[in-house]
Amino acid sequence: MSTIHDVLVLGAGMVGVSTALHARRRGLDVVLLDRREPGEETSYGNSGVIDGGNLYPVAMPRDLPTLFQHALNGQTASHYHVSALPKVASWMLDYWRWSAPAKLEETARVMRPFFAQAVETHRELAALSGAERYFRQTGWLELYRRPESLAAQEPRLALSREFGIDNVKLSREETLELEPHLKPAFAGSIWCRQAETVSSPGGVTKAYAAAFVAGGGRFVIGDALTLTSVEGGYAVETGEGRIMARQAVIALGPWASDLIGRFGYRAPLGVKRGYHRHYQPKGNGFLNRQVCDEDVGYVLCPMDQGIRLTTGVEIAERDAPKTPVQVDRAFKAAGDLFDLGEPVEAVPWMGRRPATPDSRPILGPAPRHEGLWFAFGHGHWGFTLGPATGRALAAAMLGEPMPLDLSPYKIDRWG
Ligand SMILES: Cc1cc2nc3c(=O)[nH]c(=O)nc-3n(C[C@H](O)[C@H](O)[C@H](O)COP(=O)(O)OP(=O)(O)OC[C@H]3O[C@@H](n4cnc5c(N)ncnc54)[C@H](O)[C@@H]3O)c2cc1C
């Protein structure tokens, strides 16, 4: 007779791995499944910021001059495929609505308890998995080239103070004391001290996955799209045979819509594509923490492989060929701030942020399938929120007191 496991987690990115590890730590018999090794997709290539002080979601510009600039398609912060526009138009319109100032503040307030758990929940899993060596407690820097851009942050800083978030406005000179290898082509910065950063997001995800296996969890390679509902739970086909479990968690990041559709669910899950490329720093140059060039729109991230340059958003179909024009534009702009040398890889990496128009993930039970759970759509902040997501889902599966209210994240919030 085949074994029926307690939980099958589909997708071994930061969200799925964290969910599997939390469930296993509570004594559940858990299988984690992916078509690749853990942490090799979006959770590999991000900027590695664990932004515990995050407040406003990344918004779409709403003023006409800025929108017009983006429409010309020559910006560093954004790029789009004209051919994708008919397919993404309704998602974009919703995103535009959710980018209104009042909506952004609503989301900031709703999601604050979630972000507030980010650093603490990562620390717990890092200690358990020996991943602490990747972590830096140095915060991250938002650099503003123009004094007026820095001044425009005042309302956000006021809201940060209301929530007790440790953000500090720094002059150019104070910033250079923190990062002596930056060039002074900026007006000042905001030092987000409530964030931690890592030198290898993929390494951290793999370490958490290894802790899951060391703790008695099982990892298998398989195709999540074979998931079916069977008597007493769910079954999936793998190279190791059919695996059955009473509960299943869909944590497939940008691929989640492929599977939920088969169970009759729909959600406005778009993708915001993004790129990275590593460069050797020139000479003895180094950075102590991730630095975002806010007025241009890219991040410089000190990683184990070199300085990782990560780009802003590309609107395109999920599986359309790569068009890494933003990497070249960002590389040129970065020269004003830091001396980057030779690229480490022949071609840039591309990832897909799994994004909802309201910038909130989709979490919780599937309304019409007992034992089926959703955990995807974390957009720009899935690496940050993975462990807090895993802790909340494991508690929900076991009917324990909830560390986080999941009601703002229901899949049926769109009707
Ligand atoms: C350029 C860039 C910079 C970013 N910077 C940050 C940052 O600094 N901080 C932050 O918090 N977030 C950041 N993000 C966002 C973050 O990376 C994502 O939100 C997060 O990685 C999503 O994690 P996930 O586990 O949901 O998805 P993923 O990591 O993509 O995991 C999904 C998994 O599902 C698997 N899968 C898919 N289909 C199947 C199938 N059919 N069968 C089996 N397995 C399947 C995939 O192989 C993959 O392993 C950034 C993203 C990008 C692109």
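Position 1 is the first residue of the sequence, and the numbers go up from there. One-based numbering, in listed order, for ligands and for the atoms of each. These values consider heavy atoms only, across backbone and side chains, with no hydrogens, waters or symmetry-generated copies.
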With a 3.5 Å distance limit and no angle check, can you tell me whether [X] reaches the backbone of [Y] through a side-chain donor-acceptor pair?
X: R62; Y: L67; value: no
X: R262; Y: L259; value: no
X: Q326; Y: T76; value: yes
X: T107; Y: L104; value: no
X: R308; Y: S200; value: no
X: R145; Y: F186; value: no
X: R246; Y: V7; value: no

Nitrogen or oxygen of [X] less than 3.5 angstrom from that of ligand 1:
X: V49; result: yes
X: A224; result: yes
X: V15; result: yes
X: F383; result: yes
X: G11; result: no
X: W349; result: no
X: A251; result: no
X: E40; result: no
X: R36; result: no
X: H380; result: yes

Output the list of atoms in ligand 1 that are nearer than 4.0 Å to some heavy atom of [X], sorted by atom number.
X: P254; result: 30 (O)
X: E41; result: 30 (O), 46 (C), 47 (O), 48 (C), 49 (O)
X: T384; result: 9 (N), 10 (C), 11 (O)
X: M14; result: 25 (O)
X: D223; result: 40 (C), 41 (N), 42 (N)

Closest protein heavy atom to [atom], given as residue, atom name and distance to 0.1 Å:
atom: atom 38 (N) of ligand 1; result: R35 CZ, 3.3 Å
atom: atom 27 (O) of ligand 1; result: G253 CA, 3.6 Å
atom: atom 2 (C) of ligand 1; result: R353 NH2, 3.5 Å

| query | Is it the case that K272 and Y95 place a side-chain donor and acceptor less than 3.5 Å from each other? | reply | yes

### Query
For the ring pair F114 and Y409, is the centre-to-centre distance below 6.0 Å?
yes

Using 30° and 60° as the class boundaries, would you call the ring planes of [X] and [Y] parallel, tilted or perpendicular?
X: H122; Y: F135; answer: tilted
X: W381; Y: F115; answer: perpendicular
X: W349; Y: H276; answer: parallel

Nearest-option assignment for [atom], heavy atoms, candidates [options]:
atom: atom 30 (O) of ligand 1; options: T310, T42, T19, L33; value: T42
atom: atom 22 (C) of ligand 1; options: G274, S43, P201, A195; value: S43
atom: atom 47 (O) of ligand 1; options: D51, D34, L309; value: D34
atom: atom 18 (C) of ligand 1; options: G13, S47, G379, G202; value: G379
atom: atom 50 (C) of ligand 1; options: L259, L252, N46; value: N46
atom: atom 20 (C) of ligand 1; options: G312, G382, A118; value: G382

In terms of side-chain geometry, is the basic nitrogen of [X] or [Y] positioned less than 4.0 Å from the acidic oxygen of its partner?
X: R136; Y: E196; result: no
X: E162; Y: R109; result: yes
X: K183; Y: D339; result: yes

Test item, W381 contacting ligand 1 (heavy atom, 4.0 angstrom) = yes

For ligand 1, is there an atom lying under 4.0 Å from some heavy atom of G222? yes

